[in-house]
Amino acid sequence: MRILLIHSDNIEYEVVSKTKMAETEIVPRDAMQDALVAFCSVESIDEEDIDDIIAQAVAEITTVADKIGAARVMIYPYAHLSSDLAKPDIAVTVLKEIENTLSTATSLEVKRAPFGYYKKFTVTCKGHPLSELSRELVPGEGGDAAKKPFKKEITRDWFVLTPDGRKHDWQEYNNNITPFGCLVQKELGTAEPVGGEPIHVEIMRSKELADYEPSSDVGNLRWRPKGKLIRDLLADYVLQLTLAHGAEPVETPVMYDLADPAINEHAAKFGERQYRFKSNNRSMMLRFAACFGMFCTMRDMHISPHNLPMKMYELSTYSFRHEQRGEVIGLKRLRGFTMPDMHSLTADMDQACECFEQQMMIGWQTGEDFNTDLVAVFRCTKQFYDEHGSWVKKIAAMSKKTMLIEILSDRVHYWIAKIDLAAIDSQNRPIENPTVQIDVESAARFHISYRDMANTEIHPPILHCSPTGSLERVLCAILESTGRMQVPMLPVWLSPIQVRVVPVAERHVEAASALMNRLNDEFMIRADVDDRDESMGRKVREAAVEWIPYTVVIGDDEAKSGKYSVSIREKAELNKLYKENLSLEELVAAVRVAIGSKPVRPIYTTKWMSRRARYY
RNA sequence: GCCGUUGUGGCUUAGCGGUAUAGCGGCUGAUUCGUAAUCAGCAGGUCGAGGGUUCAAGUCCCUCCAACGGCUCCA
């Protein structure tokens with residue numbers, strides 16, 4: 001809905017002739033002095049939720065009237081503010097309801113010009129700064145003023161469960177010293193804000209990984225070659241994990257038609273934070289997770305008990321959530337992000353719990369692989385806890401971790417039980433990463449079912465699992481963890497450049513390039529060569545500033561002996577390089593050991609530094 | 001979205017009513033170098049955007065935009 005608001009000294013109109021959508025029972029001629037005139041266009045997108053759009057319009061008009069001190073309001077239908085109008089009967093309903101609500105719920109005196117007539121009118125504008133305003137209202141984006149009043153009252157109980165199966169008061173763990181304590185503080189609302197900027201934002205920009213993109217929407221990043229490489233490696237990593245777990249990869253669309261009832265219901269359930277748009281006359285949404293596509297895929301499959309559990313995996317590049325302005329930060333909260341998303345159909349709750357255990361353990365595994373210290377909060381409904389209390393103890397024991405437990409009096413969302421694993425950032429705030437959830441609603445909604453031995457139709461419980469959390473958040477957690485290192489660096493397998501070859505003088509560039517090429521081509525190690533006309537001291541320094549794990553110097557001595565002087569960042573101390581003399585074979589072996597079984601990709605940046613363009 | 005803080009060349013920053021500072025980075029030249037910054041010169045700014053106050057506005061006021069902090073929220 002579009003509204004043009006004019007604070008006028010005088011507004012008067014007179015009906016001239018009818019159009020074919022004219023309403024009946026009208027006031028053919030009227031006038032108002034010292035009134036706020038609201039020229040309104042009801043648009044087709046408003047049809048999605050007219051109650052919401054009415055509430056927003058009323059809130060908006062009331063606010064403006066209050067601000068400018070107007071006591072009278074004239075609602076004036078004005079089709080020409082939009083090129084995508086609602087159906088006339090709906091528009092009339094909306095306008096009448098705005099008039100009604102304003103006159104009953106506020107002290108404003110309200111009139112409304114008739115809909116569907118050609119009218120002549122005069123309006124004089126007062127001309128002060130607030131006397132002309134326009135507003136564009138979209139259903140679901142009204143904020144607090146138009147929030148739906150109805151929300152079920154939910155109570156939450158908290159306690160802490162140790163691996164030995166004992167319950168503890170959460171107060172005992174309420175501190176800002178351990179990562180788990182930080183989680184408890186944040187979840188229970190007792191955290192003291194630390195303030196300051198998260199360090200990962202500075203790192204992601206200065207290391208040329210990712211940056212803000214002013215020409216897009218807030219929270220949609222641009223990725224530079226080094227950051228793109230890290231994303232791709234992380235994607236490879238999650239793919240390895242999910243394949244090993246028996247999931248089948250798929251890829252599904254990023255946008256969906258809200259005319260599909262299951263899509264619409266699933267989307268509506270999750271509220272306002274969506275990108276929505278019109279494409280011709282269809283109302284579309286951008287996915288906020290990969291559920292949509294995978295559920296649609298599953299509903300078109302013949303499923304029998306033999307197929308279960310059935311696991312499907314997608315790397316949702318991208319998922320979109322229209323997070324509120326003030327919530328978007330760095331790599332932690334984005335509007336466009338990449339979520340590894342796995343869904344498992346399970347025969348029954350026992351199988352669901354079994355899969356849950358396995359997938360939770362994968363989550364813990366990722367924490368070890370990324371060297372991010374994860375902490376856990378397990379949430380479930382009271383009913384689930386009453387039935388599966390001993391199982392909850394079991395997963396704490398399996399995890400060998402102390403867990404925060406939240407028991408909800410009723411089911412709020414689609415899940416009845418979930419676990420969230422979080423790293424803690426440099427400001428003691430959790431970065432929620434891996435998660436597993438048991439969903440008992442979606443199968444029915446999307447008509448996903450199988451028949452058991454007795455031929456009864458069963459809607460299987462579905463597990464949602466992100467083994468790592470969004471790739472951006474994984475990187476966020478990794479970068480935040482470097483803040484706690486004396487000599488910060490990325491894990492070798494994620495380092496965009498693993499080996500930097502530094503020739504001592506120009507005459508060594510050829511040998512350096514040859515070495516660099518062998519590392520890339522023969523050994524799949526990402527190496528480049530600093531062939532710029534700079535002093536060696538500077539080149540070594542810049543390699544360190546770039547967090548290059550291995551810097552190889554090559555000069556006359558090396559050419560003769562075949563042993564290279566290698567500075568190894570992992571073993572360095574603050575402002576003190578650590579050097580070893582290594583043969584090519586020894587260097588390759590060292591890098592291989594550091595990479596382990598993690599994914600390998602070729603270098604994405606130019607291999608000759610002299611040809612590399614610098615970013616601003 | 002709400003409250004607050006901040007916004008000066010690509011980055012870090014000085015100036016806080018009176019001619020836009022500097023360092024890094026960039027470019028050009030010299031230098032061919034042994035492990036965290038070789039030397040010199042040059043270019044680069046409508047001080048986030050728009051409005052206002054003033055003889056005069058990065059500097060004061062208003063609106064907007066953006067980043068960050070807090071709140072709400074993260075399904």
Side-chain angles (χ1 to χ4, degrees), chain A residues 56 59 129-130 133 141-147 186 189 191-198 201-202 205-206 208 211-214 217-219 266-274 288-289 291 319 321-330 332-335 337 339 379 411-415 418 420 422 427 429-433 435 437 439 441-442 464 469-470 473 487 500 502-509 530-546 548 551-558 564-569 572 574-579 613-616:
Chain A
Q56 287 191 49
L130 290 174
L133 297 165
E141 290 177 12
D144 287 345
K147 269 230 175 88
K186 192 69 191 174
E192 292 279 327
V194 174
E197 300 193 3
V201 177
E202 149 67 15
R205 301 183 70 184
S206 65
E208 299 178 345
D211 207 344
Y212 299 112
E213 176 50 77
D217 188 18
V218 169
H266 194 64
K269 182 119 185 138
F270 297 144
E272 309 117 37
R273 312 227 162 149
Q274 295 164 35
F288 44 78
C291 307
S319 283
R321 298 185 188 184
H322 201 271
E323 303 286 10
Q324 293 179 82
R325 246 341 317 259
E327 294 169 343
V328 177
I329 31 166
K332 194 172 175 182
R333 282 287 275 280
L334 293 165
R335 286 188 178 172
F337 57 93
M339 182 65 90
R379 309 170 208 268
R411 178 148 56 89
V412 193
H413 305 302
Y414 56 76
W415 50 265
K418 73 184 286 206
D420 293 312
Q427 275 109 306
R429 297 172 303 199
I431 310 166
E432 283 180 15
N433 270 345
T435 184
Q437 310 169 350
D439 173 354
E441 276 187 9
S442 298
H464 297 238
S470 79
R473 277 196 184 173
V487 180
R500 163 78 39 88
V502 176
V504 172
E506 212 173 300
R507 64 179 180 280
H508 306 117
V509 168
D530 194 343
D531 58 335
R532 296 172 305 164
D533 175 19
E534 296 288 351
S535 73
M536 207 184 85
R538 170 175 289 260
K539 293 193 232 186
V540 169
R541 175 175 193 273
E542 288 190 8
V545 170
E546 270 189 68
I548 307 262
T551 303
V552 179
V553 168
I554 176 162
D556 292 334
D557 300 349
E558 287 77 7
Y564 303 100
S565 163
V566 182
S567 136
I568 303 173
R569 188 164 178 84
L574 193 61
N575 296 322
K576 202 172 145 208
L577 298 180
Y578 173 88
K579 282 168 287 182
R614 304 299 292 249
Y615 292 99
Y616 284 142

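As a basis for the values below, the full set of heavy atoms in this structure was taken, side chains included, without hydrogen atoms, waters or symmetry mates. Letters A, B, ... are given to chains in the order of the sequence lines, protein chains preceding strands, and every chain is numbered from 1.
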Open item on the list: For A:Glu441, is there an ion pair with A:Arg411 - N to carboxylate O distance below 4.0 angstrom?
Closed with: yes

Task: Residues A:Glu327 and A:Arg273 bridged, charged N to O under 4.0 Å - done: yes

TODO: Mind calculating the distance between NE2 (A:His322) and C1' (B:C74) to the nearest angstrom?
DONE: 15 Å

Task: Electrostatic pair A:Glu323:A:Arg333 at N-O distance under 4.0 angstrom - done: yes

Open item on the list: I'd like to know whether the aromatic ring centres of A:His322 and A:Phe288 sit less than 6.0 Å apart in this structure.
Closed with: no

Open item on the list: Which residues pass the side chain to side chain donor-acceptor pair (under 3.5 Å) test with A:Glu432, not counting sequence neighbours?
Closed with: none

Any protein N or O atoms within reach of nucleotides 46-48 of chain B? Criterion: under 3.5 Å, listing atom names and distances.
none

- [ ] Grab the stems for RNA chain B, please: at least three consecutive Watson-Crick or wobble pairs, both distances below 3.5 Å, written as range with range.
- [x] B:1-7 with B:65-71, B:10-12 with B:22-24, B:26-30 with B:38-42, B:48-52 with B:60-64

Open item on the list: Less than 4.0 angstrom between a side-chain N/O of A:Arg205 and OP1 or OP2 of B:G10, yes or no?
Closed with: no

Open item on the list: Nearest heavy atom decides the nucleotide; on that basis, is A:Arg532 or A:Arg429 closer to the 5' end of RNA chain B?
Closed with: A:Arg532

Task: hbond_proxy A:Arg333 side chain to B:C74 base (donor-acceptor, 3.5 Å cutoff) - done: yes

- [ ] Taking only the side-chain heavy atoms of A:Asp557 (C-beta and beyond), determine which of B:C73, B:C68, B:G34 contains the nearest atom.
- [x] B:G34

Task: Candidates B:U72, B:U32, B:A66 - which lies nearest the side chain of A:Arg273 - done: B:U72

Task: Where the chi angle of B:G10 falls, syn if within 90° of 0 and anti if not - done: anti

Task: Distance, P atom - from B:C47 to B:C11, rounded to whole angstrom - done: 15 Å

Open item on the list: Under a 3.5 Å cutoff, is there a donor and acceptor pairing between the side chains of A:His413 and A:Asp439?
Closed with: no

TODO: For A:Ala544, enumerate each residue passing the side chain to side chain contact (heavy atoms under 4.5 Å, CB included) test, keeping only those at least two apart in sequence or located in another chain.
DONE: A:Arg569

Open item on the list: On RNA chain B, does the nearest nucleotide to A:Arg507 precede the nearest nucleotide to A:Pro193 from the 5' side, or the other way round? Give the residue.
Closed with: A:Arg507

TODO: Heavy atoms under 4.0 Å is the rule here; annotate nucleotides 35-45 of chain B 5' to 3' with B where the base is hit, S where only the sugar-phosphate is, and - elsewhere.
DONE: BBBS-------

TODO: Looking only at side-chain atoms of A:Glu323, point me to the closest of B:C74, B:C68, B:G34.
DONE: B:C74

Task: Any residue meeting side chain to side chain contact (heavy atoms under 4.5 Å, CB included) with A:Val566, in chain and number order, not counting sequence neighbours - done: A:Tyr550, A:Val552, A:Tyr564, A:Ile568, A:Leu582, A:Leu587

Open item on the list: Are A:Thr551 and A:Asp530 packed together at the side-chain level, in the sense that at least one heavy-atom pair is separated by less than 4.5 angstrom?
Closed with: no

Open item on the list: Counting only side-chain heavy atoms from C-beta out, which of B:G1, B:C68, B:C74 sits nearest to A:Arg473?
Closed with: B:C74

